[in-house]
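Structure first, then comments.
Just so it is clear, the model here is predicted, and its values are computed rather than measured. Quick note on labels: first sequence line is chain A, next is B, and so on, each numbered from 1. What's counted below: heavy atoms across the whole structure, side chains too, no hydrogens, waters or symmetry copies.
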There are 2 protein chains.
Amino acid sequence: MAVAERTLSISEVSARTGLSAYTLRFYEREGLFVQPVRRNSAGRRVFTSQEVEWLRVCSKFRDTGMSLPDIRRYVELVREGPGNEEERFALLRNHEQKVRSRVEELQQAHEVIEAKVALYARHLAAGSADGLWRNGPECTVPEDAQDPPASA
Amino acid sequence: MAVAERTLSISEVSARTGLSAYTLRFYEREGLFVQPVRRNSAGRRVFTSQEVEWLRVCSKFRDTGMSLPDIRRYVELVREGPGNEEERFALLRNHEQKVRSRVEELQQAHEVIEAKVALYARHLAAGSADGLWRNGPECTVPEDAQDPPASA
DNA sequence: CGTTGACTTCGAGTCGACTCCAATTCCTAG
DNA sequence: CTAGGAATTGGAGTCGACTCGAAGTCAACG
């Protein structure tokens with residue numbers, strides 16, 4: 001059945017995932033692979049395309065700010081096999097929510113910066129740029145209730 | 001003319017900006033204030049609401065990933081006074097673009113994660129969750145041309 | 001056989017941005 | 001006068017996530 005699949009060296013995986021070989025070894029140490037990474041007769045790491053798939057997902061997690069411990073937790077659940085899908089789901093949904101709010105936050109901040117850029121553009125066009133920053137940053141930030149350190 | 005404005009202590013500024021007193025002192029050392037921070041007779045820092053305004057802008061910069069050196073550069077330009085608005089503008093626009101792409105990137109990554117969450121939701125609802133991760137992460141990531149390290 | 005060159009290991013180093021410590025000083029209230 | 005609380009300073013410590021160095025191993029090529 002299981003036809004011996006084409007395997008990949010660490011540098012090939014690096015090229016396919018954008019993660020450096022250093023990082024791949026590091027991820028292994030950190031327990032971010034579901035199965036222990038296999039080795040060939042010479043002791044070199046041998047990866048499958050499934051692992052590459054996972055690494056791509058992993059990269060998305062990382063890129064969106066998921067911590068290595070959280071990823072490891074997810075991996076552990078997968079490793080334990082069927083039965084804990086609820087927990088995996090909770091973990092994923094939780095992260096998804098964080099990313100969603102981060103996107104919104106970033107969009108807001110972006111608007112502020114865009115406004116500042118537009119202000120400079122207007123002043124430069126009007127030749128009145130030397131009036132910028134007479135006293136204080138001339139763009140005002142909403143002041144949003146200043147992080148009352150959430151009781152928890 | 002200049003009516004002595006209400007001044008603020010470091011803890012008040014901290015409360016209004018969400019930055020810790022530690023961070024405010026740190027920012028001073030790092031040269032992130034346009035004017036040297038004034039002191040009262042007891043040697044304590046005294047802030048104006050203009051400085052609070054700037055700190056809010058600063059926070060937006062930081063929150064969107066602008067580095068301290070870049071912020072310092074901007075501050076230096078402001079400190080030099082009128083005449084370099086073009087350069088300030090360039091700096092701001094540059095950052096604005098970075099933030100814009102970051103937002104897009106994050107949105108894409110969010111979609112991938114959302115899809116994974118939806119997949120879990122479907123399987124859990126259908127009672128077929130134990131079939132998840134039979135072999136590999138069951139959600140596929142687009143594979144986007146893997147960061148060919150931009151020649152520059 | 002000798003030399004590449006890609007790999008291995010372990011441990012240490014780096015980086016940015018805080019975050020905190022210890023000792024000291026000052027103001028205010030009791 | 002004294003105790004408490006909020007500042008001050010310089011320097012050190014922390015944290016997460018890599019990133020790298022050094023020394024060694026192995027297969028293949030000429």
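- For the pair B/Asn40 CG and D/dA6 C1', the computed distance is 12 Å after rounding to whole Å.
- One finds a side-chain N or O of B/Arg45 lying less than 4.0 angstrom from the OP1 or OP2 phosphate oxygen of D/dT9.
- Taking the charged nitrogens against the carboxylate oxygens, A/Glu96 and A/Arg100 do have a contact shorter than 4.0 Å, which makes a salt bridge.
- In this structure, A/Asp63 places its CG atom 15 Å from C1' of D/dC18, rounding to the nearest Å.
- Annotation for A/Gln35: atom CD does not count as buried by contact number, only 12 or fewer foreign heavy atoms lying within 6.0 Å.
- Ranked by how close their nearest DNA chain C nucleotide is to the 5' end, A/Ile10 and B/Leu68 are led by A/Ile10.
- The phosphate of D/dA17 has neither OP1 nor OP2 within less than 4.0 Å of any side-chain N or O from A/Thr23.
- Salt bridge B/Glu28/B/Arg39: present, at least one basic N to carboxylate O contact under 4.0 Å.
- Here D/dA7 presents its C1' atom at 13 Å from CD of B/Glu12, a figure rounded to the nearest Å.
- Between A/Phe89 and B/Tyr120, the ring-plane angle classifies as parallel under the 30° and 60° cut-offs.
- Taking side-chain N and O atoms only, A/Tyr27 has a distance below 4.0 Å to OP1 or OP2 of D/dC18.
- Remark: P of D/dC20 and CG of A/Leu24 are 14 Å apart, rounded to the nearest angstrom.
- Rounded to a whole Å, the CG atom of A/Leu55 is 16 Å from the P atom of D/dA17.
- Counting all heavy atoms, side chain and backbone alike, B/Val46 lies closest to B/Glu51 at O-OE1, 4.0 Å.
- Proximity of A/Ser11 to the phosphate of C/dC7: a side-chain N or O atom is located under 4.0 Å from OP1 or OP2.
- Between A/Asp70 and A/Arg62 there is no salt bridge, since none of the side-chain N atoms of the basic residue sits less than 4.0 Å from a carboxylate O of the acidic one.
- Remark: P of C/dG16 and CG of B/Leu32 are 14 Å apart, rounded to the nearest angstrom.
- For the pair B/Tyr27/B/Ile71, no side-chain contact is recorded, criterion being any heavy-atom separation below 4.5 Å from C-beta on.
- One interatomic measurement links the two molecules: OH of B/Tyr22 to P of D/dA12, which rounds to 17 Å at whole-angstrom precision.
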Worksheet, complete the sentence: Expected string for nucleotides 22-30 of chain D under the B/S/- scheme (protein heavy atoms, under 4.0 Å, primed atoms plus P, OP1, OP2 as sugar-phosphate) is ---BB----
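- Within the 4.0 Å cut-off from OP1 or OP2 of C/dT19, not a single side-chain nitrogen or oxygen of B/Arg29 is found.
- In this model, the phosphate group of D/dG11 is not approached by any side-chain N or O of B/Arg25 to a distance below 4.0 Å at OP1 or OP2.
- A straight line from CD of A/Glu28 to P of D/dC18 spans 15 Å, rounded to a whole angstrom.
- Contact annotation: side chain of B/Arg62 to base of C/dG16, donor-acceptor pair absent below 3.5 Å.
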